[in-house]
A.B. asks: 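Have a look at the structure that comes next, please.
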Amino acid sequence: MAFLPPEDAPRGVEGKNFLYTRVRLAWYYRPTDVSDRPVADSRLLLAAIYSEVCDINQLRAKCHVVHRDKISDLAGWKKRPDRFYFNRLFDPYIKKEFEIIQATDVRNLPEKIRDTLISRYEYIVAEKEVIPDLTDAVRLCDTCTDWCPSPDTVQCDRCKKFFHMRCVQPPLIAKPSRGYGWTCAPCSRKHEEEVDSHEVRHTPPAAAKPKSNAPAPRGRGRPRKDRTQAEKEENLLIKHFNMWPFRYFGQYTVAEDTLDPDDLIFPRTGTRQGPKFQANVPAAPEFDNIFPSEVDERGGDNTVEVLGVINSLTAAEVMEVEAHKSRLTDDEELQCSVDWLTEVIRRFSDAALAARSFTSVNMKTPTRVEKWKKTETSYTDRPWTRDEEVAFEDGILTHGGELRAVREEVGTRSMPEVVRYYGRWKNSKLQQENQRILEMGAPPKPVNRRYQSADEAREGQHVGLPDEEESVIRQPSKMPVCGACRTRESKAWWKAPKGLPSSILCDTCGTNWRKYADLNVRPLREESVPINKGKANEKREGTPLTGPSTKRAKTTASAQSTPPPAVSTTPQLRCLTCMKNGPIGKVLQCQRCTLRVHAGCYGAIVDPASVDSWLCEICQNEDTLEASVNPECLLCPRTGKEDKGKPRPTDFLRASKPTEGQGWAHILCAVFSPELTFTDATRLRLVEGINTITRHRWATSCCLCGMAGGAVIRCNDCTKEFHASCAWKREFKFGFEIQPVKSSRRDTTTITTFRGETGCMNPIVLCKEHDSNKREIYGICDTNEGGETALQVYCQAYKQAPTGQAHGLLRKARRLDHLLNLTNDTSPEQNTQPDPVCDQCKTEYSPAFYPIISLDPSASVWLCHRCHFLANETKSPPGIMAC
């Protein structure tokens, strides 16, 4: 619409020498952006009387958007690149579509108004039901011969003449209801005469032309392409008035107002007034005594609560108030508090009304007595805790200024408290910014280039190519595949929309998607993919191994274009792991501590009916006491007494799981420690194997916090060792990488598949010094086609303890035996001695056996623990006890 200089450029002639840095763009919608119905034509757009000012580097290319009536050959127009057309308009505020016609087609208007519209605008916007009235011949009243606007006009059903509703006798108050007609006085009199003379003849209705689905007749041969005509349509001059080629002229427009050049051109709608939209409230009943005599009627002098009378005091009294107010407190921050100042003014006003001295006012009591309340209330809110402040800031980050949603995030504050804190919070941010400007100075303004001469200004400005870093994938995965056409080779790769088999598009499909929102998706057929090399070699010689089938599958018009994903209207929650929003159910929120995490990253399997009442395992343990009441992670360093307590619910480190010894371990620490496993990898329950972590990892100091407690892990690309929790707080890269496996090692390696990539899945932790963009690393919360997270897939494949081989206690014992280098393999020579048997009760089972001296030196005689205890108690052993 217009190229603009910088925002801070001077106005007038001097500002024309500045280089253009901004551009005003007219807004057009795709039909799929405003409705759910599929549209097969990717070149059809919806116009809008809406514009935005954007940076000039956001321009991608030039396109041609023309009205449908201006195009002679629509099929040829759509075959040319960057060509679009429109025939309707969408208003984003009314959320309604309107028809667009050429201004020259409007005929039912006075000559002056019609000439004004045609001279200013190229098109007219109106409702669909108004178009027949506008395009009809000019309608004049048969009585006064003036123009008849449609809202104030009635038409006779017999003579088809038009009349003003005020020109008929008697004047009409309203138009006839739907389904009824109206006849003028001469036609009514003539009809009565025909009825009286019985000469009425009902003409039979004309036979309707049968409908046919046959195409319209056309001339022989294919129409000849006229490139000259196409170029004329592209360069056709369109009239604009105040930068807009159309204006609204519908049923809510007063025709005479269009003569005013400042009249609003936007679409309008009817006012929501009248009995259809508003309730008819009956009058209140009349009673003699509505209020009891002992209750004061509200609104009188006795019920008015005085907030301040400082404006009615004399100058001397005001000076006395100011002098005493400065002595109430020495806290400068409190003196600037709105709540404190409001309460001080209130107490000084009460003292003035009660004729008390101003020196009797003090602020020792933080409460006050208000009328219509039985208890005293505090004049200021109680201080916000650190957890409440973090929850508030997180809610502002997620919901913006929607304070009702922010209040749900906080959970422990009322709505008025949240509103008041929001004002103080914004003031504190503004104070920090002003303090930074005072200390460091205002940021320098960018130097705007100017043209050196008038000739340089006339040559115009050349805009470079836009920055495509967010949409172009510089280094795709090892085997990239286009999600639409399945090609594996392309000069450039683009990010693909959701819902496709892969997350990238080739250069052709990516360009078509960005320009036309059109993807010719090739259907994926299992029979077209070779199962193994043996079957692939059975093809005829000369046939490509991965060549496409000779027959193409039939696709409908609706299947050729993939509409953009519909915007979800379901409530969203932000996961504290990936900091991305997700629907309730996929992202769970603890109702007690407000922890929010993806269900797949927490191992939670929740019934949809109980999602709103879900509790994390730390909060569940407060009721069940199945594990330790101290939820500190066993793999992290022990904190001091001042920091001891529950982890904050605003961090993923709140997500912990119990261990086999009734302790706790972070999910992050357990997953990225190679020795640890889970009794139930699906639910990430009962962390096992903490005692198998080597002594070196327990004794090594963390390079981030400097503490030696806790088990450290190592960066995958360097020798740095650190705690997993410390690395998470420093925003190190956590994820999973799939590495290919050689065919010789496939029998001994666990192989898994994630997002079409097959191999061995390895956990990855990288320092900030390493560039992770060169590797395909999946985030913890990244999901595959089945909705499983990367952490979930990894734990099920590599972190499941062998529960089918032995129970938990035996598995723990075997791990301890391995640590002590004990083996159960004993030779037969070592087991030649028989098991001891009690010489008195002949039992073979006892906690301990005690040898005794026998008469036969070659024989071993034993006593069980019970017999040994009885012999020592009675002092009468059956034999001589061994020392």
Side-chain angles (χ1 to χ4, degrees), residues 576-577 593 595 597 601-603 616-618 621 627-679 681 684-736 762-770 780 791 794-795 798-799 801 812 815-816 818-819:
L576 298 176
T577 309
C593 67
L595 169 70
V597 67
C601 296
Y602 195 80
C616 67
E617 299 210 12
I618 293 180
N621 186 67
S628 174
V629 295
N630 182 13
E632 289 189 356
C633 177
L634 299 178
L635 302 174
C636 296
R638 294 294 182 269
T639 57
K641 293 183 179 180
E642 64 278 0
D643 297 332
K644 189 174 181 180
K646 301 177 183 178
R648 293 189 299 180
T650 56
D651 196 353
F652 180 54
L653 297 180
R654 170 76 179 183
S656 301
K657 291 289 182 175
T659 64
E660 58 183 349
Q662 286 78 42
W664 293 91
H666 294 141
I667 294 179
L668 188 75
C669 301
V671 171
F672 287 88
S673 296
E675 298 90 351
L676 305 187
T677 57
F678 294 96
T679 305
L684 304 180
R685 287 281 296 175
L686 292 186
V687 181
E688 297 185 7
I690 294 181
N691 51 11
T692 61
I693 298 177
T694 59
R695 183 179 300 176
H696 166 76
R697 292 178 54 195
W698 290 106
T700 304
S701 299
C702 173
C703 66
L704 300 178
C705 67
M707 300 179 66
V712 297
I713 58 177
R714 176 173 292 184
C715 175
N716 288 77
D717 288 356
C718 64
T719 59
K720 290 184 179 180
E721 294 181 330
F722 38 75
H723 300 122
S725 57
C726 297
W728 180 265
K729 295 176 182 178
R730 300 295 179 90
E731 298 182 355
F732 283 14
K733 179 68 175 180
F734 284 79
F736 302 93
N762 297 324
I764 300 295
V765 183
L766 296 178
C767 307
K768 289 187 176 181
E769 301 174 358
H770 311 298
I780 294 177
L791 184 143
Y794 172 74
C795 291
Y798 303 95
K799 286 290 188 176
K812 185 175 182 179
R815 289 194 295 267
L816 292 174
H818 179 72
L819 291 176

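Computed over heavy atoms, backbone and side chain alike; hydrogens, waters and symmetry mates excluded.
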A.B. asks: Just verifying a value: how many Å separate Q662 CD and N630 CG, rounded to the nearest 0.5 Å?
C.D. replies: 14.0 Å

A.B. asks: Would you say the side chain of I618 lies within less than 4.5 Å of the side chain of R654, judging by non-hydrogen atoms?
C.D. replies: yes

A.B. asks: Who are the ring-ring contact (aromatic ring centres under 6.0 Å, His included) partners of F672, not counting sequence neighbours?
C.D. replies: F734, F736

A.B. asks: Would you say Y794 and I780 make side-chain contact, with heavy atoms under 4.5 Å?
C.D. replies: no

A.B. asks: Quick check: closest heavy atoms across C601 and L791, and the distance to 0.1 Å?
C.D. replies: O-CD2, 3.9 Å

A.B. asks: I need the C715 SG to E769 CD distance, nearest 0.5 Å.
C.D. replies: 8.0 Å

A.B. asks: Whether the side chain of R697 engages the backbone of V712 through a donor-acceptor N/O pair (distance < 3.5 Å, no angle test) should be reported.
C.D. replies: yes

A.B. asks: Which residues pass the side chain to side chain contact (heavy atoms under 4.5 Å, CB included) test with K729, sequence neighbours left out?
C.D. replies: L653

A.B. asks: Does any part of the side chain of S725, heavy atoms only, come nearer than 4.5 Å to the side chain of C633, both counted from C-beta?
C.D. replies: no

A.B. asks: Any idea which heavy atoms bring P631 and S656 closest together, and the distance?
C.D. replies: O-OG, 4.5 Å

A.B. asks: Output, in order, the C-alpha distance, side-chain angles, deciding distance and verdict of side chain to side chain contact (heavy atoms under 4.5 Å, CB included) for C636 and H723.
C.D. replies: CA-CA 7 Å; C636 296; H723 300 122; 5.6 Å; no

A.B. asks: Mind listing the closest non-hydrogen atom pair of G663 and A627 along with its distance?
C.D. replies: O-CB, 4.5 Å

A.B. asks: Which heavy-atom pair separates C616 from L595 by the least distance, and what is that distance?
C.D. replies: CB-CD2, 4.1 Å

A.B. asks: Ignoring hydrogens and geometry, is there a side-chain-to-backbone donor-acceptor pair from K799 to L684 under 3.5 Å?
C.D. replies: no

A.B. asks: Flag the pair N716 / N762 as yes when at least one side-chain heavy-atom distance between them is below 4.5 Å, and no otherwise.
C.D. replies: no

A.B. asks: Quick one: NE2 on H666 to CG on L635, what's the gap to the nearest 0.5 Å?
C.D. replies: 9.0 Å

A.B. asks: Using 0.5 Å steps for rounding, measure from the CD1 atom of I713 to the SG atom of C669.
C.D. replies: 7.5 Å

A.B. asks: I want to check something: taking the side chain as every heavy atom from C-beta on, are I764 and K733 in contact at a cut-off of under 4.5 Å?
C.D. replies: no

A.B. asks: Got a sec, which residues hit side chain to side chain contact (heavy atoms under 4.5 Å, CB included) with C703, two or more places apart in sequence or on another chain?
C.D. replies: K720, F722

A.B. asks: Does the K768 side chain pair with the main chain of R730, one donor and one acceptor, at a distance under 3.5 Å?
C.D. replies: yes

A.B. asks: Is any side-chain heavy atom of P658 closer than 4.5 Å to one of N621?
C.D. replies: no

A.B. asks: To the nearest 0.5 Å, what is the distance between CG on N691 and CG on L634?
C.D. replies: 11.5 Å

A.B. asks: My understanding is that only one of T677, V671, T659, I667 makes a side chain to side chain contact (heavy atoms under 4.5 Å, CB included) with V687; could you say which?
C.D. replies: T659

A.B. asks: Would you please test K657 and E617 for salt bridge (charged side-chain N to carboxylate O under 4.0 Å, His left out) and show each step?
C.D. replies: CA-CA 7 Å; K657 291 289 182 175; E617 299 210 12; 2.6 Å; yes

A.B. asks: Report the residue from E660, E688, R685 that forms a side-chain hydrogen bond (donor to acceptor under 3.5 Å, both in side chains) with T679.
C.D. replies: E688

A.B. asks: Taking atom CG of D717 and atom SG of C767, what is their separation to the nearest 0.5 Å?
C.D. replies: 8.0 Å

